[in-house]
Novice: 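There's a structure below that I have some questions on.
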Protein chains: 2
Amino acid sequence: MTAHLQRGLGVALWRQVADGIRAGIANGLAGEAGRLPPEAELAQRFGVNRHTVRAAISALAHEGVLESQQGRGTYVRRRQRLVYPIGERTRFSAGLGDQARDTSSEMVGTAREPSTLWVATALGIETGKTVIRVESLGKADGVPVSRSTSWFDARLFDGIAELFSSTGSMTAALAGFGVRDYRRASTSIEARHAEEADTRELNLAPGAIVLVTRAVNCDLSGQPVQCSVTRFAADRVELSVEAPAPGSSG
Amino acid sequence: MTAHLQRGLGVALWRQVADGIRAGIANGLAGEAGRLPPEAELAQRFGVNRHTVRAAISALAHEGVLESQQGRGTYVRRRQRLVYPIGERTRFSAGLGDQARDTSSEMVGTAREPSTLWVATALGIETGKTVIRVESLGKADGVPVSRSTSWFDARLFDGIAELFSSTGSMTAALAGFGVRDYRRASTSIEARHAEEADTRELNLAPGAIVLVTRAVNCDLSGQPVQCSVTRFAADRVELSVEAPAPGSSG
DNA sequence: ATGAATTTGTCCGTATGTATG
DNA sequence: CCATACATACGGACAAATTCA
């Protein structure tokens with residue numbers, strides 16, 4: 001479990017240790033009590049000086065992950081990665097509902113624009129036809145975990161941005177347009193380093209990892225109603241692909 | 001487009017620039033010819049010294065993303081990611097079959113060991129019962145793309161390692177034990193920075209990203225037959241979740 | 001073919017950040 | 001707190017390879 005740290009690859013040791021502690025917490029490093037091992041033990045475990053561990057803990061405390069108290073120890077404020085399901089019936093709040101006290105999905109912007117090749121293909125319309133773009137931010141317990149960009153056919157969903165903004169729910173917004181249920185048709189997943197926009201919008205450190213999903217959602221008749229690109233903070237969530245019950249089509 | 005870089009975050013400027021260049025390439029920074037702007041221009045664009053840009057380019061060249069030639073310029077080595085399907089009927093070679101000339105899956109080790117909590121839970125046996133662990137390496141056109149660790153109930157699949165080793169196919173190996181077909185029951189996906197083992201086994205550069213999937217495969221009756229942890233080189237593959245035809249269970 | 005312009009490669013020195021003990 | 005060693009970042013100057021008028 002002792003991560004192999006290296007000097008000279010552009011990431012300071014204290015930040016590698018910080019990432020290691022964050023990952024370790026998900027694997028029970030802090031135990032049931034949520035209490036981190038003493039700095040000296042962490043220093044030995046990571047093979048670095050205690051000063052370096054202190055710098056790492058200081059950074060994590062500043063991020064809100066840890067909380068140090070003189071004489072008592074260092075305690076974890078957020079436990080483990082959230083598990084985000086990407087099965088065919090994905091709903092943001094429903095999926096995270098039992099893992100966080102407070103989940104929210106708020107709109108942070110919208111626009112009408114001509115569709116790009118990918119969006120048009122996904123929605124089954126001609127390239128360049130007007131689509132509605134909706135930008136939203138998903139939070140769990142106040143911490144940003146996902147940043148989505150969704151597109152809708154402007155001819156069919158005029159006003160959906162306002163509806164989503166007022167309800168804070170994509171399911172409710174789609175229901176307002178007669179879409180009673182929808183399913184995820186396909187999802188592609190890739191991982192990359194955080195760009196400047198990611199560090200700003202998801203509150204990430206440079207060099208952090210972002211999981212990117214590209215999805216198409218269809219109504220019950222199989223007609224595409226929405227496509228989206230979502231960026232997740234990889235250190236805060238893991239994705240879970242839920243399979244349907246055995247015996248269905250392949 | 002000018003990313004605003006910051007000092008003192010524990011991430012070296014040259015690494016932030018490297019991430020910026022990598023992101024920029026995806027947005028057409030290198031143009032049609034795949035040629036990067038001159039170092040001096042990049043330096044001005046990122047607001048850093050040319051030496052810092054050179055350090056970033058050097059790192060990307062070491063990763064295999066870029067290639068510099070004195071007097072000529074710096075060029076992008078265009079390699080598009082392989083799409084790896086993780087639907088319910090995933091097969092390594094079948095999934096990649098049309099994207100690479102030559103795909104192979106070779107066994108690189110095996111052992112009998114007591115099952116850990118996760119493996120036992122996944123396979124539906126008691127913790128500590130003996131399981132067979134099979135280590136394998138997946139390649140496409142000679143380049144390693146995935147590194148899997150699989151576990152089987154030793155009571156049911158004694159000798160499967162030898163069968164997999166000789167056939168090079170997990171499907172064939174399972175068929176030898178009467179498993180005519182199998183389906184993926186669940187998959188969790190997370191992303192993290194490459195550890196030392198990853199850089200060695202998948203031939204990655206330090207700081208690269210690894211996609212980790214944890215999966216359970218069941219036979220047609222729903223009985224678990226195999227569980228596995230697979231590490232993918234995130235810069236060589238993207239995962240694709242294939243949905244079944246609409247109308248199945250949810 | 002020659003020379004100028006362009007672009008990458010290498011050297012110097014110096015200041016600051018990081019890591020150890 | 002201190003001292004020491006190494007990594008990072010900057011600035012300038014020049015060499016080497018390529019391109020093109």
Side-chain angles (χ1 to χ4, degrees), chain A residues 2-22 37-63 66 68 70 74 193-194 196 199 205-208, chain B residues 2-22 24-25 29-78 193 196 199 205-208:
Chain A
T2 313
H4 197 265
L5 306 187
Q6 300 179 33
R7 306 177 71 156
L9 47 84
V11 181
L13 276 186
W14 65 262
R15 176 145 288 283
Q16 296 182 57
V17 171
D19 293 340
I21 290 174
R22 192 163 27 201
E39 293 173 355
E41 185 184 325
L42 288 172
Q44 188 176 22
R45 199 184 293 210
F46 285 100
V48 299
N49 193 275
R50 192 172 77 94
H51 294 307
T52 309
V53 170
R54 285 184 58 76
I57 289 175
S58 166
L60 289 172
H62 198 261
E63 281 182 39
L66 296 177
S68 294
Q70 201 170 87
T74 303
H193 288 96
E196 191 272 338
T199 63
Chain B
T2 313
H4 81 296
L5 309 184
Q6 293 177 308
R7 306 177 75 152
L9 288 168
V11 180
L13 276 185
W14 65 260
R15 176 146 287 283
Q16 297 182 55
V17 171
D19 293 342
I21 291 175
R22 190 163 26 203
I25 290 170
L29 176 67
E32 282 301 317
R35 181 186 163 147
L36 221 60
E39 294 170 353
E41 185 184 325
L42 288 172
Q44 189 175 22
R45 199 184 295 209
F46 284 100
V48 298
N49 192 274
R50 187 171 78 98
H51 293 301
T52 308
V53 170
R54 285 183 56 74
I57 289 175
S58 168
L60 291 172
H62 197 262
E63 283 181 36
V65 177
L66 297 176
E67 192 173 13
S68 293
Q69 289 173 340
Q70 189 171 147
R72 266 173 54 79
T74 302
Y75 291 82
V76 179
R77 284 181 153 186
R78 189 59 80 179
H193 287 101
E196 193 272 338
T199 62

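Not measured: the values here are computed from a predicted model. Here is how names work: the chains are called A, B, and so on, in the same order as the sequence lines, proteins then strands, and each is numbered from 1.
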Novice: Is any side-chain heavy atom of B:Phe46 closer than 4.5 Å to a side-chain heavy atom of B:Leu13?
Specialist: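 Not in contact.
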Novice: Please state how far atom CZ in B:Arg15 lies from atom P in D:dT8, giving the value in whole angstrom units.
Specialist: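 Taking atom P of D:dT8 as the reference, CZ of B:Arg15 is at 10 Å.
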Novice: Sequence neighbours left out, what passes side-chain hydrogen bond (donor to acceptor under 3.5 Å, both in side chains) with B:Gln69? Give chain and number order.
Specialist: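 B:Gln69 satisfies side-chain hydrogen bond (donor to acceptor under 3.5 Å, both in side chains) with B:Arg72 once adjacent residues are dropped.
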Novice: Whole angstrom is fine here: how far is it from CH2 in A:Trp14 over to P in D:dT8?
Specialist: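 So the two atoms are 14 Å apart, to the nearest Å.
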Novice: Measuring only between side-chain heavy atoms, which start at C-beta, is B:Val11 closer than 4.5 Å to B:Asp19?
Specialist: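 Contact flag for B:Val11/B:Asp19 side chains = no.
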Novice: B:Ala59: what forms a side-chain contact (heavy atoms from CB on, under 4.5 Å) with it, not counting sequence neighbours?
Specialist: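 side-chain contact (heavy atoms from CB on, under 4.5 Å) list for B:Ala59, sorted by chain: B:Trp14.
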Novice: Walk me through whether B:Ile25 and B:Val65 qualify under side chain to side chain contact (heavy atoms under 4.5 Å, CB included).
Specialist: CA-CA 10 Å; B:Ile25 290 170; B:Val65 177; 4.2 Å; yes
Novice: Return the polar atom pairs (N/O with N/O) between nucleotides 11-13 of chain D and the protein under 3.5 Å, or none.
Specialist:
from   : atom 1 : to      : atom 2 : distance (Å)
D:dG11 : OP2    : B:Asn49 : ND2    : 3.3
D:dG11 : O6     : B:His51 : NE2    : 3.0
D:dG12 : O6     : B:His51 : NE2    : 2.5

Novice: Report the distance from atom CD of B:Glu39 to atom P of D:dA17, rounded to the nearest whole Å.
Specialist: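 After rounding, the gap between these two atoms is 16 Å.
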Novice: Name all pairs fulfilling the salt bridge (charged side-chain N to carboxylate O under 4.0 Å, His left out) condition that reach into residues 47-62 of chain A, sequence neighbours left out, sorted by first residue then second.
Specialist: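 Counting only pairs at least two positions apart or across chains, the salt bridge (charged side-chain N to carboxylate O under 4.0 Å, His left out) contacts touching residues 47-62 of chain A are A:Glu39-A:Arg50, A:Glu39-A:Arg54.
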Novice: What's the CG-P distance between B:Leu42 and C:dT7, to the nearest Å?
Specialist: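 To the nearest whole Å, that distance equals 11 Å.
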Novice: Of all residues at least two apart in sequence or in a different chain, which pass the side-chain contact (heavy atoms from CB on, under 4.5 Å) check with B:Glu41?
Specialist: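 B:Pro37, B:Pro38, B:Arg45.
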Novice: Pick out the pairs of N or O atoms, protein on one side and nucleotides 18-21 of chain D on the other, that lie under 3.5 Å.
Specialist:
from   : atom 1 : to      : atom 2 : distance (Å)
D:dT19 : OP1    : B:Arg72 : NH1    : 2.9

Novice: Using OP1 and OP2 only, check whether a side-chain N or O of B:Thr52 sits under 4.0 Å from D:dT8.
Specialist: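 Looking at the OP1 and OP2 atoms of D:dT8, neither is under 4.0 Å from any side-chain N or O of B:Thr52.
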Novice: At under 4.0 Å between heavy atoms, what does A:Arg54 touch on the DNA or RNA strands: base, sugar-phosphate, or nothing?
Specialist: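 If one applies the 4.0 Å heavy-atom cut-off, A:Arg54 turns out to touch nothing in the nucleic acid.
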Novice: Atom CD of A:Gln44 and atom P of C:dG21: how far apart are they, to the nearest Å?
Specialist: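 For the pair A:Gln44 CD and C:dG21 P, the rounded distance is 12 Å.
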Novice: Whole Å only: how far is the CD1 atom of B:Ile57 from the P atom of C:dT7?
Specialist: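 For the pair B:Ile57 CD1 and C:dT7 P, the rounded distance is 13 Å.
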Novice: Which residues satisfy the side-chain contact (heavy atoms from CB on, under 4.5 Å) test with B:Ser68, sequence neighbours excluded?
Specialist: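 Once residues adjacent in sequence are excluded, the partners of B:Ser68 under the side-chain contact (heavy atoms from CB on, under 4.5 Å) criterion are B:Ile57, B:Thr74.
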Novice: CZ/A:Arg15 to CG/A:Leu60 distance, rounded to the nearest 0.5 angstrom?
Specialist: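 If we round to the nearest 0.5 Å, A:Arg15:CZ and A:Leu60:CG are 8.0 Å apart.
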